[in-house]
2 protein chains.
Amino acid sequence: MIKSSIPTNHIPKKEGLITDVHKLVESYPRVPITVDCVIFGFDENELKVLLIRSDLEMYKGKWSLLGDFAADNEELKEAAYRVLKERTGMTDVYLEEVGTFSAPQRHPGGRVITVAYCSLLNIQHHELKIHANELHWHSFSSIKEMAFDHKKIIDTCYQWLQKRIQEHPLGFNLLPDKFSLRELQNLYEAILGVQLDRRNFRKKFASMDLLIDIGEMEEDVPHRPGKLYKFNYEKYEKNKRKWVGIDF
Amino acid sequence: MIKSSIPTNHIPKKEGLITDVHKLVESYPRVPITVDCVIFGFDENELKVLLIRSDLEMYKGKWSLLGDFAADNEELKEAAYRVLKERTGMTDVYLEEVGTFSAPQRHPGGRVITVAYCSLLNIQHHELKIHANELHWHSFSSIKEMAFDHKKIIDTCYQWLQKRIQEHPLGFNLLPDKFSLRELQNLYEAILGVQLDRRNFRKKFASMDLLIDIGEMEEDVPHRPGKLYKFNYEKYEKNKRKWVGIDF
DNA sequence: TTTCATTGTGTACATTCTACATAATTCTTA
DNA sequence: TAAGAATTATGTAGAATGTACACAATGAAA
């Protein structure tokens, strides 16, 4: 058996309580904080990531994540949404925190801690109007070297995505409003890096009842066109808690 | 079909590259960073959390997480381990990042961003030698109000734990070296907040082959004693990738 | 020695996963 | 316009897993 001590509701000791909280906070080191967005897209049956050229001389030519320093009094998630909006014009995107990166030497300009956010967006909805810094989609698998520790960050986010997409049907954020089952399966195969059985895949999604047959067909495909579906957001929102552990 | 632009390997534009990276970093706001450890234990069939009294006058009497400001050039995970060691004397504990909390007003002394870490430890292995600030184990379910946004943080960590324990058999970190199946089940029931079928629970763990029967029995229990087991760490390490989605 | 609480175990049924093949449709091209 | 190529659409059987449920054995307590 385990023994433990149970807290009693003592009055706290009166001595040593800190009154000047501002002074307390000011006495500690401060660090610049950035957010970095790993923005995934899907196109031509490949997982893509949106990158820019680093604007640091020492990383000349290297690719970099879309990030920025957090402003005063800006919540970090807000900062991440701001970066997304500034760079892509998108506001209504999926975004989730993945983790912090705080190795002391990770930034050449001194200590900078970054929080990585993962964002999924539909390349089609999105024009990349802002061509500053050569904003481009990159095939995820082709990315080798990057500025800072950004390669480590995108690898972490990729693993996060692989896990997350099996728990929640996030993949829809990467697809157009109308998509075929084949496109959906290609997406899953691209992200998970495995081949899936077509019949079982379709059966699985059919049983989840998350797809609405919109009665249209693919066009301009060089073979028999497939049905087009849209995602049943209502149903998903209702059953959100359920989607943990989707196996294919 | 989706269209996209593919990046070509251009030479980056020569103008506008930043050379003085230190100056760049210095031009941005800085924030004090803390780590907060949500330390779970298990005792008397209850999930427990290790808390101290806040040493801030304005939170007099309120309970607070174990946390500290990050030191210069200290990686945040390191800082979390340091806090654990300073407060509990424990070094070899399970610890994982859960998330950041960055609401501008979350700390009364000015902006402080915190990163929450979740730690699981075995109450038995641990003597709470350090009695500063009334370090105590609290029944998780009894915690109502806390200093700062710490209630929000522990709630987030609890949800994280509920999810995580179903993907990986983390619960062993909370148990003594030797435990009975009943104790293990109690742990799962306490964390998940549900009753589990005893036979199915045992069958499940038997099939995972993670328990080693050490040939001993419980002692001093007021009923038929159960067998004692230890956790098969080797097997677990080998099959780590497999443990996603344990259902009971 | 009886009673009580708890451990330990097995089986039948339902659900889900997995592997696998054929017909139907449309486009292409000869 | 007919034949061929590519792809969609669909079902089933067997395996594995999940779920519900009951009874005998053990040791402690009375």
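A, B, ... follow the sequence lines: proteins, then strands. Residue 1 opens every chain.
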Among side-chain atoms of Glu237(B) and Tyr233(B), is any donor-acceptor pair under 3.5 angstrom?
no

Using the rule given for salt bridge (Lys or Arg N to Asp or Glu O under 4.0 Å), can you reason through Glu96(B) versus Arg164(B), listing the C-alpha separation, both sets of side-chain angles and the distance that settles it, and then say yes or no?
CA-CA 11 Å; Glu96(B) 207 170 331; Arg164(B) 209 78 175 79; 2.8 Å; yes

Rounded interatomic separation in angstrom, taking CE from Met208(B) and C1' from dG18(D)
14 Å

Asn200(B) CG to dG8(C) C1': how many Å, rounded?
14 Å

Rounded to whole Å, CG of Asp220(B) lies from C1' of dG27(D) at a distance of 13 Å

How far does the helix from dT1(C)-dA30(D) to dA30(C)-dT1(D) bend, going by the axes of its first and last five pairs, to the nearest 10°?
10°

side-chain contact (heavy atoms from CB on, under 4.5 Å) between Phe40(A) and Asn173(A), worked out
CA-CA 10 Å; Phe40(A) 286 111; Asn173(A) 294 292; over 6 Å; no

Here's a test for you: under ring pair (Phe, Tyr, Trp, His ring centres under 6.0 Å), which of Phe172(A), Tyr188(A), Phe205(A), Phe231(A) qualifies with Phe179(A)?
Phe172(A)

When the ring planes of His136(A) and Trp63(A) are compared, do they come out parallel, tilted or perpendicular, using 30° and 60° as the limits?
perpendicular

Expressed as a whole number of angstroms, how long is the span from Asn186(B):CG to dT6(C):P?
11 Å

Quiz question: going by heavy-atom distance under 3.5 Å, is there a donor-acceptor pair between the base of dT12(D) and the side chain of Lys203(A)?
yes

All N/O pairs under 3.5 Å across the protein-nucleotides 6-9 of chain D interface:
unit_1 : atom_1 : unit_2    : atom_2 : d
dT8(D) : O2     : Arg224(A) : NH1    : 2.4
dA9(D) : OP1    : Lys227(A) : N      : 2.9
dA9(D) : OP2    : Arg202(A) : NH2    : 2.0
dA9(D) : O5'    : Arg202(A) : NH2    : 3.2
dA9(D) : N7     : Arg198(A) : NH1    : 3.1
dA9(D) : N6     : Arg198(A) : NH2    : 3.3

Taking side chain as C-beta onward, heavy atoms only, is Ile153(A) less than 4.5 Å from His150(A)?
yes

Less than 4.5 Å apart, side chain to side chain, heavy atoms only: is that true for Phe201(B) and Leu184(B)?
yes

Expressed as a whole number of angstroms, how long is the span from Glu219(B):CD to dA28(D):P?
10 Å

With sequence neighbours excluded, residues passing side-chain contact (heavy atoms from CB on, under 4.5 Å) with Arg202(A)
Leu181(A), Arg198(A)

Specify the separation, in whole Å, of atom NZ of Lys204(A) and atom C1' of dT15(C).
10 Å

Roughly how many Å is it from CZ in Phe205(A) to P in dC17(C), rounded to a whole number?
12 Å

Whole angstrom value for the distance that separates C1' of dG11(D) from CZ of Phe201(A)
19 Å

Is there a salt bridge (Lys or Arg N to Asp or Glu O under 4.0 Å) between Lys77(A) and Glu97(A) once you walk through the steps?
CA-CA 8 Å; Lys77(A) 195 159 202 170; Glu97(A) 180 184 331; over 6 Å; no

